[in-house]
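Quick notes on the structure that follows.
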Amino acid sequence: MPKINPFKPNHTVPPGMFAGRIEEIRELEKGLWQTKNGFPNNYLITGERGIGKSSLIQLIKYIAQGDIENSYGKKLDFVTVQLVISDRTDLISSVKLIDRILKRELGKIEKVKSFLDSTWEFVQRIKIMDSGIDSAKQNSELDIIIDDFAYSLAQTCKRIIGKQDEAKCKDGIIFFIDEADNACENLHLGYLVKAVTELLVQHECNNIMFVVAGLPVVIEKLSNSHPSSIRIFNHLIIKELSPEDRQRVVESGIKEGNKINEEITTITSKGKNLISTLSEGYPHFIQQFAYSAFDFNSDGEINEDDVTGGAFGKGGALDEIGTRYYHSAYNEQIKSDDYREVLSIMADSMNSWIKKSDIVQKFSGADHTVTDALKALTSRKIILKNPSKRGEYRLQQRGFALWIKLFGARKK
Ligand SMILES: Nc1ncnc2c1ncn2[C@@H]1O[C@H](COP(=O)(O)OP(=O)(O)O)[C@@H](O)[C@H]1O
Ligand SMILES: [Mg+2]
């Protein structure tokens with residue numbers, strides 16, 4: 001029987017294997033507590049791809065719903081609504097989705113069933129907007145939908161909060177809006193959250209919290225949609241895990257594995273350290289390196305060779321990470337090996353600014369190729385041009401830089 005691999009490179013991490021984020025969890029738990037007590041807070045969570053935004057959201061969702069206790073040993077009882085935004089999600093489709101999710105979650109309570117049907121009746125009347133009508137008319141129709149939505153939401157929340165009986169037993173409603181960087185213009189995300197939070201206050205509904213997560217560009221998207229929408233959020237920026245937390249991730253994975261497998265697996269401290277160092281604290285790198293090392297190993301004790309073998313081999317961790325996160329930026333959007341060489345040179349400085357003249361010096365081909373490469377890479381948003389210093393560029397993401405560096409190391 002093959003061993004079951006406990007590491008989760010392609011899923012949000014289960015609570016038992018979740019490491020770190022103490023500050024962020026404390027802050028979000030504070031928000032839940034505030035919201036339960038009628039002083040709602042909203043949060044914006046940003047960070048690079050694979051840094052752990054969705055996993056953090058998942059954990060907070062479990063805490064909010066009372067699936068697990070919060071840090072103070074208390075179980076909360078919020079209704080949670082999770083939306084994952086795609087580039088096709090628009091305002092109307094998300095209102096319809098929220099209506100469905102709320103009915104699914106609350107329909108279980110017999111007493112509120114008919115209340116929900118009548119309160120959310122407006123959703124049945126929403127028509128797909130005629131693309132022919134002018135934008136002023138469209139906007140006013142959207143405003144009506146938002147107004148109906150906020151009103152229904154406020155009524156619903158007020159109907160279910162309390163500790164009186166089976167139908168008034170909830171702490172409030174928490175919205176988790178993940179991958180908000182995908183938001184298209186027609187979602188009007190910034191405008192929507194800004195308007196809805198204001199309307200909720202007008203309707204004296206104070207037990208609803210919004211948590212929005214996405215890549216850093218989400219900030220731009222929100223403020224393009226409504227310039228002051230950013231101000232309704234407390235902003236949490238998710239960073240790399242500390243070396244202690246990285247080790248904890250590996251240890252708890254090994255422990256989980258030993259619960260489900262007959263054959264015991266151990267890991268040497270050098271093996272653990274190597275995963276920690278190679279990953280530079282990126283949770284998705286940790287999970288993937290650990291997963292691949294676990295797979296590579298055959299004698300039950302994971303050591304440095306297993307980590308290296310699993311990481312750099314064909315179909316190993318680096319290939320997996322590349323396919324999952326960076327393949328398109330590296331291979332599809334960049335057709336030229338010269339451009340990739342420029343990226344490798346830049347990756348040596350991770351995502352710090354680097355002078356064009358330094359790149360030219362290290363580049364094996366002609367100077368003008370570097371000029372072309374920098375122009376093309378900037379326009380594809382793979383690298384950034386320093387707005388305050390001429391001739392300086394950097395890679396957008398540390399994770400991408402790390403991957404390019406390690407990938408290059410394998411080729412050598
Ligand atoms: N706090 C954490 N502890 C352990 N593993 C984590 C943690 N956060 C994320 N991971 C792992 O890292 C990978 C990426 O996490 P994810 O939450 O999907 O990131 P994001 O949503 O920012 O792209 C997943 O494999 C997940 O299991
Ligand atoms: Mg995510």
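Heavy-atom basis, side chains included; hydrogens, waters and symmetry copies ignored. We count ligands from 1, going down the list as the structure has it; atoms in each ligand are counted the same way. Because the structure is a prediction, the values reported are computed rather than measured.
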Q: Could you check atom 10 (N) of ligand 1 against the protein and tell me its nearest heavy-atom contact, residue, atom and distance included?
A: Pro283 CB, 3.4 Å
Tell me which one of [options] gets a heavy atom nearest to [atom].
| atom | options | result |
| --- | --- | --- |
| atom 22 (O) of ligand 1 | His11, Lys53, Glu24 | Lys53 |
| atom 18 (O) of ligand 1 | Gly47, Ser252, Ser54 | Ser54 |
| atom 9 (C) of ligand 1 | Gly214, Ser55, Ala290 | Ser55 |

Q) For Glu48, is the nearest heavy atom under 4.0 Å from an atom of ligand 1? A) yes
Q: State whether the shortest distance between N or O atoms of Val249 and N or O atoms of ligand 1 falls below 3.5 angstrom.
A: no
Q. Taking only heavy atoms of Tyr325, which atoms of ligand 1 are found under 4.0 Å from at least one of them?
A. 14 (C)
**Q.** Proximal ligand 1 atoms for Phe18, defined as those under 4.0 Å from one of its heavy atoms
**A.** 1 (N), 3 (N)
(Q) I'd like to check Tyr151 versus Leu199 (side-chain heavy atoms, cut-off strictly below 4.5 Å). Are they in contact? (A) no
Q) Would the Phe233 and Tyr43 ring centres measure less than 6.0 Å apart? A) no
Q) For Cys205 and Cys157, which heavy atoms make the closest approach, and how far apart are they? A) SG-CB, 3.7 Å
Q. Mind checking what makes side chain to side chain contact (heavy atoms under 4.5 Å, CB included) contact with Ser93, not counting sequence neighbours?
A. Thr89, Asp90
